[in-house]
Amino acid sequence: VYQVFESVARKYDVMNDSMSLGIHRVWKDVLLHKMNPSPGTLLLDVAGGTGDIAFRFINYVRSVRERQLRRKLKHHQNLSWQEIADSYQEEAIKPLGDSQVVVCDINTEMLKVGRQKAEHLGYSEGLSWVVGNAEELPFGDEKFDVYTVAFGIRNVTHIDLALQEAYRVLKPGGRFLCLEFSQVTNPVLSRLYDLYSFQIIPVLGEIIAGDWKSYQYLVESIRRFPPQEEFKEMIEDAGFLKVDYQNLTSGIVAIHSGFKL
Amino acid sequence: GPGAARPPEPSVLPFLVCPLSKRPLRYEAATQELVNEELGIAYPVVDGIPTMLPEAARKVPARPAEQH
């Protein structure tokens, strides 16, 4: 699996766009809205190499914090100049309000691509990058408020171990969120999706990234991944409660959610 | 720039433990490593990125006094 990702790392973003016709951005936006993080949230994003979820998290928390500070100012009409200046300074020093995101991926190349993107986009604060294995995370118990894995868990050899590790590193009350390809619910769409996956995607992989085999591997890994209900049960087996899932785009992807209670 | 040695992001250090034993690590700035003294293994920080894979680690003396 590792060699597959070394070769796709660089072209990953371009391929995501072509394969999903840009819809992957919408799916990731939905994931963030579902998460609805407040400032101060500690997020662990696993297999999130190029940083898509991390950047969205930062943007989301920043805008929530801006709104909070603005509301505070509005409700205190009789603030002195000093108090107003202090509020602005608070926003400047801590735009994320103690929120942090750690991006963990088994592949150094993907993380470096993510870090480069972060530098270009001007994200530095509250963001860190760690090479680690989802089945054997290098994080202490009960450290994070939210654990996300977007389009990464299907590539893990022992999914049950990854789920157990997710449970371990989450604080009590913490939330597990997984965005992953799933089973299409509509039979007509399912047939079209098969055609698209097996005929078109590897061809695109060859044209755009010069790599047919890696993308064929990706498509096959999508097929092997358990369907919605089965994956829900696996998450429950790891100890999570209130586990449910939300189908997006007729089940082409699903967001599974669970809580450590 | 890329290729140059850089230290890890300080904010991540409190989260990190040994992936095998889940025990705390000591950050050794001189060698850019995160050391598990009990097990005698050290994980490298490569270009600022803690590389917390057992296969990337090297064995070090398991006694806290000795350093390489």
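Both backbone and side-chain heavy atoms feed into the values below; hydrogens, waters and symmetry mates do not. Every chain is numbered from 1, with letters handed out A, B, ... down the list of sequences.
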Just how far is it from atom [atom1] of [X] to atom [atom2] of [Y], taken to the nearest 0.5 Å?
X: A:E135; Y: A:I159; atom1: CD; atom2: CD1; result: 9.0 Å
X: A:N155; Y: A:R224; atom1: CG; atom2: CZ; result: 8.5 Å
X: B:L20; Y: B:M52; atom1: CG; atom2: CE; result: 9.5 Å

**Report entry** Electrostatic pair A:R154:A:E180 at N-O distance under 4.0 angstrom
**Finding:**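 The answer is yes: the pair qualifies as a salt bridge.
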| query | A:S128, A:G126, A:S124, A:C104: which one forms the most heavy-atom pairs within less than 4.5 Å of chain B? | reply |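 So the answer, after comparing A:S128, A:G126, A:S124, A:C104, is A:S128.
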Next on the checklist: Looking only at heavy atoms and a cut-off of under 4.5 Å, which of A:K143, A:R115, A:E136 has the most pairs with chain B?
Outcome noted: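 Between A:K143, A:R115, A:E136, the count favours A:R115.
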inquiry  = Between A:L42 and chain B, with a heavy-atom cut-off of 4.5 Å, which part of the residue counts as in contact: side chain, backbone, both or neither?
reply    =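 Contact with chain B is through the side chain of A:L42 alone.
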**Q.** Portion of A:V130 that has a non-hydrogen atom of chain B nearer than 4.5 angstrom
**A.**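 Both parts, backbone and side chain.
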- Heavy-atom distances under 4.5 Å only: say whether B:P14 touches chain A with side chain, backbone, both or neither.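 Just the backbone, heavy atoms under 4.5 Å.
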### Query
Parallel, tilted or perpendicular: which fits the ring planes of A:F151 and A:W27, with parallel below 30° and perpendicular above 60°?
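Ring orientation, 0 to 90° scale: tilted.
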